[in-house]
Amino acid sequence: MSEISAQDWDALACPEGRAIDPFTTHRFLAALDASGSTGKGSGWQTRPLVLRDGAAVAALPLYVKSHSQGEYIFDHGWAQALERAGGSYYPKLQVAVPFTPATGRRFLGDPKWRETLLETAISIADQNGLSSLHFTFCTEEEAEALAGKHGLLHRITQQFHWENNGYADFDGFLAALSSRKRKMIRKERETARASGLTIRNLTGAQIEPQHWDAFWQFYQDTGARKWGTPYLTRSFFDELQRTMRDDVLLVLAFDGETPVAGALNFIGRETLFGRYWGCTQEHPCLHFELCYYQAIEWAIANGLARVEAGAQGEHKLARGYLPTPVHSLHYIADPSFRDAVARYLAEERRAVDEEIEVLTAYGPFRRVETED
């Protein structure tokens with residue numbers, strides 16, 4: 001990313017000014033590279049694809065992958081199947097934001113160049129004998145526009161998102177819930193506050209270097225328990241402090257003046273994106289308070305339309321986060337393998353559609369006709 005002008009890249013990634021999401025901005029992708037979180041030894045070789053017609057007119061955040069870690073659209077089973085059949089799944093091409101399960105534009109620039117970008121990326125995969133090309137967490141509009149073109153397969157998975165239905169405050173949100181869920185959330189918030197910790201929301205100049213020292217400890221703890229080796233390096237958080245403080249909401253819990261737990265969020269134009277959480281002290285319900293309820297409260301207060309709380313987690317449903325489809329596109333070079341994956345995706349999509357319908361019906365929101 002350092003070889004590309006930030007001005008040229010951001011003119012494509014966020015032509016509106018304030019980024020819809022900050023993850024495809026030059027400053028975020030460059031922070032991953034500069035910190036060594038991507039690049040040599042990471043399994044993410046940064047190979048941004050830029051189309052120029054005099055000036056830069058379109059781009060893809062493109063990576064060569066030697067594994068499937070840090071993607072959150074899981075294709076490990078595909079890799080194993082191709083390897084068992086005598087093929088090589090890796091390396092592959094990935095159009096994505098590393099370590100970031102957040103929907104956003106993947107085809108940057110004027111949409112009229114999308115097919116040119118797609119054809120170019122496919123030709124790179126084919127000419128280098130790569131197994132596949134993946135566009136993960138693309139927008140629904142991108143997926144629907146390109147599905148089927150050049151054999152692209154459309155995959156739908158799900159996440160849990162909170163939507164702001166014009167709530168004036170957190171109590172307004174609670175009023176929309178069933179009485180049982182409303183009582184549960186109030187009890188969880190009271191339990192978290194009974195810890196005696198002080199919770200502070202920090203953004204911009206309020207964030208200081210020592211806050212990242214603390215958050216690094218939280219991140220290390222959670223990463224070690226969840227996925228073994230954390231993806232991000234310590235210097236990535238220094239890059240956030242240097243270039244992205246205004247894009248960050250850091251929710252910290254303090255024991256006196258010592259941070260003991262925290263949640264890292266990124267601020268988009270209409271969305272708050274929850275990313276990481278961790279702690280050095282265990283307290284009941286503190287995770288729910290810092291990651292979900294503080295995020296909802298902050299989003300309402302700042303007029304944001306939604307909160308995306310990251311990958312997976314059906315426990316989010318009871319806390320107001322409803323199942324939401326997530327889209328990706330996949331090019332598989334081998335025709336026989338492509339057919340097998342297509343059959344799998346058709347079955348998976350039926351299962352996901354049914355699960356979304358069932359989970360939505362079990363959501364926490366009040367049913368006016370039956371509520372007491």
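As a basis for the values below, the full set of heavy atoms in this structure was taken, side chains included, without hydrogen atoms, waters or symmetry mates.
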Treating Ser42 as the side-chain partner and Trp44 as the backbone partner, does any N or O pair qualify as donor plus acceptor under 3.5 Å? yes

Pair Phe266 + Phe28: ring centers closer than 6.0 Å: yes

Show your reasoning for whether ring pair (Phe, Tyr, Trp, His ring centres under 6.0 Å) applies to Phe135 and Phe107. CA-CA 9 Å; Phe135 300 82; Phe107 294 82; 4.9 Å; yes

Answer yes when Glu142 and Arg105 have at least one side-chain N-carboxylate O distance shorter than 4.0 Å, and no when they do not. no

Go through the side-chain N and O atoms of Gln94 and Thr136 and say whether any donor and acceptor fall under 3.5 Å apart. yes

Atom CD of residue position Gln210 - does it have more than 12 heavy atoms of other residues, nucleotides or ligands inside 6.0 Å? yes

Indicate every side-chain donor-acceptor pair of residues 297-307 with a distance under 3.5 Å to a residue at least two apart or in another chain.
{"residue": "Glu297", "atom": "OE1", "partner": "Arg189", "partner atom": "NH2", "Å": "3.0"}
{"residue": "Asn302", "atom": "ND2", "partner": "Trp298", "partner atom": "O", "Å": "2.8"}
{"residue": "Arg306", "atom": "NH1", "partner": "Thr271", "partner atom": "OG1", "Å": "3.1"}

Could you check whether Arg242 pairs with Glu239 (Lys NZ or Arg NE/NH1/NH2 to Asp/Glu carboxylate O, under 4.0 Å)? yes

With under 30° as parallel and over 60° as perpendicular, where do the rings of Phe215 and Phe218 fit, or are they tilted in between? perpendicular

Residues Asp21 and Arg269 bridged, charged N to O under 4.0 Å: no

N-O pairing of Arg114 and Glu141 below 4.0 Å: yes

Between Glu163 and His161, is any side-chain donor less than 3.5 angstrom from a side-chain acceptor? no

Check whether the side chains of Tyr276 and Asn265 place a donor and an acceptor atom closer than 3.5 Å, and report yes or no. no

Knowing that exactly one of Thr25, Leu108, Ile20 qualifies, which makes a side-chain contact (heavy atoms from CB on, under 4.5 Å) with Cys14? Thr25

Charged N-O contact under 4.0 Å between Arg155 and Glu348: yes

Could you tell me whether the side chain of Ser5 and the main chain of Gln7 form a donor-acceptor pair under 3.5 Å? yes

Lys/Arg N to Asp/Glu carboxylate O, Arg319 vs Glu289, below 4.0 Å: no

Thinking salt bridges, do Asp213 and Arg234 make one under a 4.0 Å N-O criterion? yes

Please determine whether a side-chain nitrogen of the Lys or Arg among Lys187 and Glu190 lies less than 4.0 Å from a carboxylate oxygen of the Asp or Glu. no

Would you please test Tyr292 and His315 for side-chain hydrogen bond (donor to acceptor under 3.5 Å, both in side chains) and show each step? CA-CA 11 Å; Tyr292 306 140; His315 60 281; 2.8 Å; yes

Rounded to the nearest 0.5 angstrom, the CG-CG distance for Leu252 and Leu249 is 9.0 Å

